[in-house]
Amino acid sequence: MKIVIFIAGLYNIGLAIFHIGFWRLFKWKKDLNHLRFENRAIMQILNIQIIFFFIMVAYICIEFNDELLTTKLGRAFLTGNAIFWLIRTIQQFIFLRANHYLIHILTLVFILGTILFSFPVLSYWF
């Protein structure tokens, strides 16, 4: 299970890098100018905060691998992250209902996150 948690850490590093690219990938410098000042700021603040969150989760998964498997707090952390990715997967179907292959790939990425964080916890119980 240690390798699964390590991979979950790498998964979060990948997502942090992906989010760092949002300004360029989604042309935010141009597109966000069409939003009101506060909405433009909120979008960027939320993105920076999620980047920080992904980096912290990656650090915890890599540095505290044993603790995540052997403590109640660690299993709660893994469960919370699994629920985070499950909710994110569900939101794909609510907010991104377009039938586009990139959206389907993202959905699979979020399902992978749910599995990576669920698997160690489920293996503890079963």
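Heads up: numbering here begins at 1 and tracks the sequence.
- When the options Leu68, Leu69, Leu78 are evaluated for a side-chain contact (heavy atoms from CB on, under 4.5 Å) with Met1, the one that passes is Leu69.
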Q.
If you apply the rule side-chain contact (heavy atoms from CB on, under 4.5 Å), what do you find for Phe6 with Ile62, and how did you get there?
A. CA-CA 5 Å; Phe6 181 80; Ile62 293 167; 3.9 Å; yes

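- Not counting sequence neighbours, the partners of Trp23 by the ring-ring contact (aromatic ring centres under 6.0 Å, His included) test are Trp28.
- Counting heavy atoms from C-beta outward, Leu15 and Val57 have side chains that stay 4.5 Å or more apart.
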Q.
Run His104 and Tyr101 through ring pair (Phe, Tyr, Trp, His ring centres under 6.0 Å) and show every step you take.
A. CA-CA 5 Å; His104 300 313; Tyr101 77 96; 8.7 Å; no

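- Note that CD1 of Ile7 and CG of Leu116 are 7.0 Å apart. Values are rounded to the nearest 0.5 Å.
- Scored by the salt bridge (charged side-chain N to carboxylate O under 4.0 Å, His left out) test, Arg97 finds no partners at all (sequence neighbours excluded).
- With a 4.5 Å cut-off on side-chain heavy atoms, Phe117 and Asn12 count as touching.
- Distance check, rounded to the nearest 0.5 Å: CG of Leu112 to OG1 of Thr107 gives 12.5 Å.
- In the hydrophobic cluster analysis, where Ile, Leu, Val, Met, Phe, Trp and Tyr join through side-chain heavy atoms closer than 4.5 angstrom, Phe84 is grouped together with Tyr59.
- Separating the OH atom in Tyr11 from the CD1 atom in Ile115 is a distance of 9.5 Å, to the nearest 0.5 Å.
- Nearest heavy atoms, Gln92 versus Ile103: NE2-O, 3.3 Å.
- Taking CD1 from Ile48 and CD1 from Ile20, the interatomic distance works out to 10.0 Å, rounded to the nearest 0.5 Å.
- Remark: Phe110 pairs with Trp85 by the ring-ring contact (aromatic ring centres under 6.0 Å, His included) rule, at least two apart or across chains.
- In this structure, Ala16 and Ile55 approach most closely via the heavy-atom pair CB-CG1, 3.9 Å.
- Atom NE2 of His19 and atom CG of Leu25 lie 10.5 Å apart (nearest 0.5 Å).
- In terms of hydrophobic clustering, with Ile, Leu, Val, Met, Phe, Trp and Tyr side chains grouped at heavy-atom distances under 4.5 Å, Ile3 and Phe119 are assigned to a common cluster.
- There is a path of hydrophobic side-chain contacts, each under 4.5 Å, that joins Val109 to Phe18.
- Here the closest heavy-atom approach between residue Ala82 and residue Ser118 is recorded as CB-OG, 3.3 Å.
- There is a path of hydrophobic side-chain contacts, each under 4.5 Å, that joins Ile94 to Leu86.
- Within 6.0 Å of CZ in Phe26 there are more than 12 heavy atoms belonging to other residues, nucleotides or ligands.
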Q: Apply side-chain contact (heavy atoms from CB on, under 4.5 Å) to Phe54 and Ile17, showing your working.
A: CA-CA 9 Å; Phe54 290 148; Ile17 292 168; over 6 Å; no

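- Placement of Ile5 and Leu122 within a single hydrophobic cluster is found when ILVMFWY residues are connected by side-chain heavy-atom separations under 4.5 Å, directly or transitively.
- Residues Phe64 and Thr71 have side chains not in contact (no heavy-atom distance under 4.5 Å, counting atoms from C-beta outward).
- In this structure, the separation between CD1 on Ile90 and OG1 on Thr114 is 8.5 Å, given to the nearest 0.5 Å.
- Side-chain atoms of Gln44 and Arg40 include no donor-acceptor pair closer than 3.5 Å.
- For the pair Ile83/Thr79, a side-chain contact is recorded, criterion being any heavy-atom separation below 4.5 Å from C-beta on.
- Of all non-hydrogen atoms in Arg36 and Glu38, the two that sit nearest each other are NE-OE2, 2.6 Å.
- For Ala58 against Gly9, the heavy-atom pair with the smallest separation is CB-O, 3.2 Å.
- A heavy-atom distance below 4.5 Å is found between the side chains of Asn81 and Phe53.
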